[in-house]
There are 2 protein chains.
Amino acid sequence: MVGDGYTIGEVLNQLKEEFEDITISKIRFLESEGLIYPDRTESGYRKFTDDDIDRLRFILTAQRDHYLPLKVIREQLERVDAGQPPAAGPPLPEPALGVDQQPGQRAAEIAAALEAAVSGGDGLLLEQQAAQVSLNLRDFCEATGLESGDVRALRDFGIIGERGDDPSGPFDGDDLLAARAARELLRLGLEPRHLRMYRQFVDREVALFEQLITPLLRQRNPEARRQATRQLDKVATLTGRMKRALLVRALRGYVHGA
Amino acid sequence: MVGDGYTIGEVLNQLKEEFEDITISKIRFLESEGLIYPDRTESGYRKFTDDDIDRLRFILTAQRDHYLPLKVIREQLERVDAGQPPAAGPPLPEPALGVDQQPGQRAAEIAAALEAAVSGGDGLLLEQQAAQVSLNLRDFCEATGLESGDVRALRDFGIIGERGDDPSGPFDGDDLLAARAARELLRLGLEPRHLRMYRQFVDREVALFEQLITPLLRQRNPEARRQATRQLDKVATLTGRMKRALLVRALRGYVHGA
DNA sequence: GACCGCAGTGTGTGCAGTACATCGCCCTCT
DNA sequence: AGAGGGCGATGTACTGCACACACTGCGGTC
């Protein structure tokens, strides 16, 4: 061996202390898979630099300690080679927001007003004016900033509109609030189909709440009806709080651990 | 099909929304590998409970988001079955620092303080001190006003404590918040078993959120980690808002109509 | 010129499933 | 009541990944 750089056998011996299960054939395999590309001598022998060895160390650690498949490791290395450490999912192009349109001005105002009324408080505000809002498809798109394709998708997954509704509306204030939140979620990388579980869950929750308050509604007495509303508000607030605590605990472990 | 329990096809459809690449043969394969063991009918059909589905969800998440091999997942499940928490080898948690507390009276104060900190805002407050709280069973009962029987029930239905935790604690601040809300709900006439669906839902929601932020957490860059936390906060806030709109619309129809 | 180390190729192995092929159960429609 | 059709169960074969092992041939050194 003429010049500088380690032979494959020397590399093997250096890494063997740290990684039990390294072999020559594994190193060769990693090269054949494009994870490393050591230089070669005239006669074809591999010539490893210290950087190559660090790279190998990274690969072996990722495998042994994080069980990452080579495909994933290769992607990480490629990103590092390209100069970027960021590894976020899809690029997520930001669609221009904040630029409100002329004609739908009205609808957007309504949306903002509703959001303001709802924010900061756990209550349900069942008696609110959200029910009075009624928008057709065009205005609804303008007020939410959604394409009509997205609106269709949200309807298909039960986020807006009623089962078997007319596909073109009308949409009420609750649809508006749901759709505005949904739009942000889509921008953060969620797919409409992911939102379906929220609808499913709400259906279950509604069934539960119904069980609780049907006795009250069965009496025609208007006072009982008002009490039912108060009861609903309370139980929704409490379940919301409880759910949030469960979520926080689960996520806290996830963000800080692992 | 006679009684309770889902068939393999029903399980498939439930999980398909969350996990693209699940198939019947994969579920069968996981059983043959001893990761799940659903019950059988007389005639040999598999009969899945909700717990079985949760277990599957855990397995599939571990594979997809953490690339864990089945062998490792099986070991984790076995530890959970045996009553020990996951215990992830080397990374042992820091023994809680700061916020020391005296038992008894103090506990209720902490609870009130936590509730005040959380109320009025949709955010998650992941960085908050709720994690530092640590109460034993007696103090926890005092702080929440629950009987130890209720505490047990809440634990059995996944509202407080971790899967396979020590039944007598310790309980953290999130448990406290969840339990205080749960106590009110029980007073309003709900049964502990009704609360189980909230836990199930949170598990699904966490799996969804994990999908979104694992790419960020995979880089051990602390800035990416902070961004992941912000992202989580955003997505939790938005889904919460959206869910509330869905709920309100559904309940409005119920209270006023029918 | 023997011999060790490295090169390349080919075949084998365990894991994590997929793809059939075949048979049995169960619900529905007539 | 009986006939289909759909779903479910099992078993075998086949695939892709991540290597391990064996064999043969060449380079360089003593």
Side-chain angles (χ1 to χ4, degrees), chain A residues 1-16 19-48 52-53 55-56 58-77, chain B residues 1-16 19-49 52-53 56 58-77:
Chain A
M1 182 66 41
V2 223
D4 41 12
Y6 310 95
T7 69
I8 196 167
E10 288 164 354
V11 171
L12 180 73
N13 286 326
Q14 280 192 46
L15 292 174
K16 204 138 213 173
F19 304 94
E20 299 273 284
D21 62 342
I22 180 94
T23 63
I24 288 201
S25 84
K26 184 163 180 173
I27 297 172
R28 287 207 276 247
F29 172 72
L30 292 175
E31 187 192 12
S32 78
E33 292 296 303
L35 289 158
I36 54 173
Y37 18 82
D39 207 1
R40 300 281 184 137
T41 66
E42 280 299 274
S43 57
Y45 281 29
R46 291 175 183 81
K47 239 175 26 178
F48 292 83
D52 290 327
I53 295 181
R55 200 179 171 90
L56 273 168
F58 176 82
I59 295 164
L60 295 170
T61 306
Q63 282 197 295
R64 186 191 52 190
D65 297 342
H66 304 295
Y67 304 97
L68 295 189
L70 294 191
K71 211 172 83 169
V72 175
I73 298 173
R74 178 165 38 222
E75 279 161 20
Q76 288 187 4
L77 285 171
Chain B
M1 183 61 41
V2 223
D4 41 9
Y6 310 96
T7 68
I8 197 167
E10 289 163 354
V11 171
L12 180 73
N13 287 326
Q14 281 192 46
L15 292 174
K16 214 154 207 156
F19 305 95
E20 301 272 280
D21 63 341
I22 179 109
T23 62
I24 288 201
S25 70
K26 183 162 179 173
I27 297 173
R28 288 206 272 247
F29 172 74
L30 292 174
E31 186 192 12
S32 78
E33 292 296 302
L35 289 158
I36 54 173
Y37 18 84
D39 206 1
R40 300 284 184 131
T41 67
E42 278 304 90
S43 58
Y45 280 30
R46 290 176 183 82
K47 236 177 24 179
F48 293 83
T49 66
D52 289 326
I53 295 180
L56 273 168
F58 175 82
I59 295 165
L60 294 170
T61 305
Q63 281 196 294
R64 186 192 52 195
D65 297 341
H66 307 296
Y67 304 98
L68 296 188
L70 293 190
K71 210 173 80 170
V72 174
I73 298 172
R74 178 168 34 224
E75 280 160 19
Q76 287 187 6
L77 285 171

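Each chain gets a letter, A, B and so on, in the order the sequences are listed, and its residues count up from 1. The figures here come from the full heavy-atom set of this structure, side chains too, leaving out hydrogens, waters and symmetry mates.
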Excluding sequence neighbours, so at least two apart, what forms side-chain contact (heavy atoms from CB on, under 4.5 Å) with Arg74(B)?
Glu33(B), Leu35(B), Lys71(B), Glu78(B)
In Ile24(B), Thr23(B), Leu70(B), the residue satisfying side chain to side chain contact (heavy atoms under 4.5 Å, CB included) with Phe29(B) is Leu70(B)
Quickly work out the Ile27(A) CD1 to dA20(D) P distance and round it to whole Å.
10 Å
Sorted by chain and residue number, the salt bridge (charged side-chain N to carboxylate O under 4.0 Å, His left out) partners of Arg64(B) (sequence neighbours excluded) come out as none
Sequence neighbours excluded, which residues qualify as salt bridge (charged side-chain N to carboxylate O under 4.0 Å, His left out) partners of Asp21(A)?
Lys26(A)
Which atom of Gly5(B) lies closest to which atom of Glu10(B), heavy atoms considered:
O-OE1, 4.2 Å
Just how far is it from atom CD1 of Ile36(B) to atom CG of Leu77(B), taken to the nearest 0.5 Å?
10.0 Å
Find out whether Asp52(B) and Arg46(B) are in side-chain contact, i.e. whether some heavy atom of one side chain is under 4.5 Å from a heavy atom of the other.
no
Restricting to salt bridge (charged side-chain N to carboxylate O under 4.0 Å, His left out), what partner residues turn up for Arg40(A), sequence neighbours left out?
Glu31(A)
I'd like to compare against my own output: the B/S/- annotation of nucleotides 5-10 of chain C with a strict under-4.0 Å heavy-atom distance to protein.
BSBS--
Polar pairs (N or O, both sides) under 3.5 Å between protein and nucleotides 15-19 of chain D?
residue: dA18(D); atom: OP1; partner: Leu70(A); partner atom: N; Å: 3.0
residue: dC19(D); atom: OP1; partner: Lys26(A); partner atom: NZ; Å: 3.2
residue: dC19(D); atom: OP2; partner: Gln63(A); partner atom: OE1; Å: 3.4
residue: dC19(D); atom: OP2; partner: Gln63(A); partner atom: NE2; Å: 2.3

